[in-house]
Protein chains: 2
Amino acid sequence: MAVGLDAPSHVLPVTGLRLGVTAAGVRYAGRRDLTLLVLEPGTTTVAAFTRNRFRAAPVLVAEEHLQRSAPRALIVNTGNANAGTGEAGLATARASCAAVAEALGIAAEAVLPFSTGVIGEPVDLAGKIAAALPACLADLAEDRWLSAAAAIMTTDTVPKAVSRQVDLGGTRVTITGMAKGSGMIRPDLATMLAFIATDAPVAHALLRTALDAALARSFNRITVDGDTSTNDACVLMATGTLAIPPLESADDPRYGPFLEALVAVMQILAQAIVRDGEGASKFIPITVRGGRDPEECLQVAYRLAHSPLVKTAFFASDPNWGRLLAAIGAAGVDDLDVARVQVWLGDLAIVRDGARHPDYREEQGKAVMAQAEIPIEVDLGRGEAAQTIWTCDLSYDYVRINADYRS
Amino acid sequence: MAVGLDAPSHVLPVTGLRLGVTAAGVRYAGRRDLTLLVLEPGTTTVAAFTRNRFRAAPVLVAEEHLQRSAPRALIVNTGNANAGTGEAGLATARASCAAVAEALGIAAEAVLPFSTGVIGEPVDLAGKIAAALPACLADLAEDRWLSAAAAIMTTDTVPKAVSRQVDLGGTRVTITGMAKGSGMIRPDLATMLAFIATDAPVAHALLRTALDAALARSFNRITVDGDTSTNDACVLMATGTLAIPPLESADDPRYGPFLEALVAVMQILAQAIVRDGEGASKFIPITVRGGRDPEECLQVAYRLAHSPLVKTAFFASDPNWGRLLAAIGAAGVDDLDVARVQVWLGDLAIVRDGARHPDYREEQGKAVMAQAEIPIEVDLGRGEAAQTIWTCDLSYDYVRINADYRS
């Protein structure tokens, strides 16, 4: 049960980008598991990939192709991550690109492959993709975002897609994105899979700058279980079909509003992944402020977000603030003066100067913990830095999903 | 259900150390929750405490007393950790020591307090302890280790105590220890609570050296859930009642055998904590070798041990080796060459050169995963360092215990 997250009913197409979906039988027969994105010539594309040292074959191939050529197509399968599959995995990823390239009459290097699903199972992706391509091509249209958002899911319970429009110098620019991901979520550069597109023309270097800036405020600030996937990828595409002067510099007064709209899209998608985190019953934004630098704020925030005792207390709606203190104290901020630490649950002050707030009453804590969304705020009392991340609780269902499902 | 762990039926007393147990009603009426240890004059005592920045009141008082005086008594309660309790907590910890001191006719500084249980609940420990002391004193005897090991438990399902004897220059030396701990276990210097005693005379500096060396091979190499407690403490006492020349230097030929016997006692207790880890159904020793230094071996080992996806796969007896690879790759060894990584489950080679071993068959993996004890061995293929840690799986019961119980 996703927390406060409904399936999107409508997103805006981005001109210059068509999507097609079909069932290729990668893992389950009849399941729509293959998505093709086709980009108009002239599209600018940038991407970020997982920092896991075990990078899946499609990640390696996508990085290589991205360095050599401007992408014209993305081929995305669910059901098998093609990770830990050695040379055979690389070969089938390359052959998948070649099959798509042949069908579209473009170079194989202009195709980026993406895979998600079970790790370490050999799979003939290229064969399945080649067989399913005609159906995928027949489905191609600019308004297929919602079916694509559903087709890239694995253990997700809700498709994730969103649009924002922003006025840039009198022209309405569209940004639309979709993402998938539910477990093995502690992105390190990017998340499981996210694809975001805009019709604005944006220069390559500036698009890269915008992606990095937005990642640091979205996908790189979420965690479900602290596990970083082998297949994380986040792709940002600018088709440039709008007839406006291209965005080329961060000094362009239009860049600020563009970036904020991009951040909004990416934050909504990133938070949707946490809201739909495996077994999640609570959505928990964690803000740590009063740190000497952003790094120590993140250190404390992630320690809280990864503590099984904190996560199970939230699942139980138990205002067990002692577990919060224990996690803060164990975060590795060596010279932390605990007598300056303050903690709030929502608006409720629960810890003052390192001990239980004198006005705090257990009933108040229980009332906040009963909510589906529970912000934690920590003040370390030692500086001006602040950081926010988003996480969820740890429930029976997390264990069930990951014990039952070979993901 | 503890994994391969029976309640001890017999341990050897250590002359010079008496123990007494009673029910003080700290949290539950009628539960034996108070333990008193009384040491003969001349006993040498060293201790290690949690590195959590939120140190419980008894930890602060015990450290202070240990610096000022040679301990003559330890008072241990379960049911309330007296942590996050501010000035009132410090006052009641000090008053507890004063009450014990008065009853025994010793200085308050010669008493060390230890508490375990719920964090952040105010408690009048001194009052409860003063009222229960007469019964505790009446119970004092050298052969009360087993009832003490039961009285210090919280969510433990099995008491943990063990003895070893070692021949030092023709004299049989005894080492007996007990420990408690089940959740919030990722000791950083020491574990929840562990008390170890020997009748050998050992100089203070050497006893400290021995404790540190043994910790690095026992309590500092276990993790249940990655959470470091506010109350961790490990105390090593040498009563010196044996009439042999004191151990004073690491060059003494008797020191090696003494240390190995101490390590054996502490490893058995540390492993017992993991075997009795909250909800544990599998006991998992993790050895990482082929590292450039011990730190990176530990980094990879703890990443595996803390990965919820790895832990739930073990709970499910699912040989999902892709999750092992993903965790190894995410451990932060930046220049790891994954093509040199080998992984074994028990004696079964599952990963060769970074991909599935060609001879590996799923049935073999399932057979190993069905065992209650499953050693993981990883070779990083880049150096000579090796480290071993011990952990357990993540089960429904872990969530149930920590969602139901205010620990």
Side-chain angles (χ1 to χ4, degrees), chain A residues 51-55 81 83-87 89 118-122 183-184 186 188 225-230 306-310 312-313 315-316 318 320-323 325-331 333-334 336 338 341 351 353-356 394-396 398-404 406-407, chain B residues 51-55 81 83-87 89 118-122 183-184 186 188 225-230 306-310 312-313 315-316 318 320-323 325-331 333-334 336 338 341 351 353-356 394-396 398-404 406-407:
Chain A
R51 282 194 183 142
N52 193 308
R53 289 298 305 164
F54 278 94
R55 301 182 132 199
T85 41
E87 285 302 323
V118 65
I119 298 175
E121 296 288 326
M184 204 177 267
R186 195 257 160 109
D188 192 7
D225 47 16
D227 279 305
T228 302
S229 152
T230 49
H306 293 151
S307 160
L309 290 173
V310 169
T312 49
F315 170 55
D318 176 8
N320 192 327
W321 57 273
R323 293 185 185 175
L325 284 195
I328 295 165
V333 181
D334 286 338
L336 180 69
V338 298
V341 171
V351 170
D353 301 340
R356 184 156 81 172
L394 172 61
S395 69
Y396 291 117
Y398 179 87
V399 177
R400 183 186 55 72
I401 291 164
N402 286 296
D404 289 359
R406 173 70 75 93
S407 61
Chain B
R51 280 192 184 145
N52 194 307
R53 290 299 304 164
F54 278 95
R55 302 182 132 197
T85 43
E87 285 303 322
V118 64
I119 298 175
E121 295 289 325
M184 204 178 266
R186 195 258 161 108
D188 192 6
D225 48 15
D227 277 307
T228 302
S229 151
T230 51
H306 292 151
S307 161
L309 290 175
V310 169
T312 49
F315 170 54
D318 176 8
N320 191 326
W321 57 272
R323 293 185 185 173
L325 284 194
I328 294 166
V333 180
D334 286 337
L336 181 67
V338 299
V341 171
V351 171
D353 301 341
R356 183 156 80 173
L394 171 61
S395 69
Y396 291 118
Y398 180 88
V399 177
R400 183 187 54 74
I401 291 164
N402 285 296
D404 289 358
R406 172 70 76 94
S407 60

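To find a chain, count down the sequence lines: A is the first, B the second, and so on, and within it residues start at 1.
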Between A:Val341 and B:Phe54, is any pair of side-chain heavy atoms under 4.5 Å apart? yes
If we define contacts as heavy-atom pairs under 4.5 Å, which of B:Leu394, B:Ile328, B:Val399, B:Thr85 has the most with chain A? B:Val399
Spatial distance of atom CD1 (B:Ile119) from atom CG (A:Asn320) [nearest 0.5 Å]: 7.0 Å
So, taking the atom named CH2 in A:Trp321 and the one named CD in B:Glu121, what distance separates them when rounded to the nearest 0.5 Å? 7.5 Å
Considering only heavy atoms, which portion of A:Asp353 lies under 4.5 Å from any heavy atom of chain B: side chain, backbone, both, or neither? neither
Answer key: most heavy-atom pairs under 4.5 Å with chain B among A:Gly86, A:Gly89, A:Pro122, A:Ala83 is A:Pro122
If you count heavy-atom pairs under 4.5 Å between each of B:Ala316, B:Ala81, B:Gly120 and chain A, which one has the most? B:Gly120
Quick check: closest heavy atoms across A:Ala326 and B:Asn52, and the distance to 0.1 Å? O-ND2, 2.7 Å
Check each atom of A:Tyr396 against the heavy atoms of chain B and say whether the ones under 4.5 Å are side chain, backbone, both or neither. both
Residue part contacting chain B, namely of A:Val333, when any heavy atom lies under 4.5 Å: backbone
Hey, which of B:Gly329, B:Ala355, B:Gly84 has the most heavy atom pairs under 4.5 Å with chain A? B:Gly329
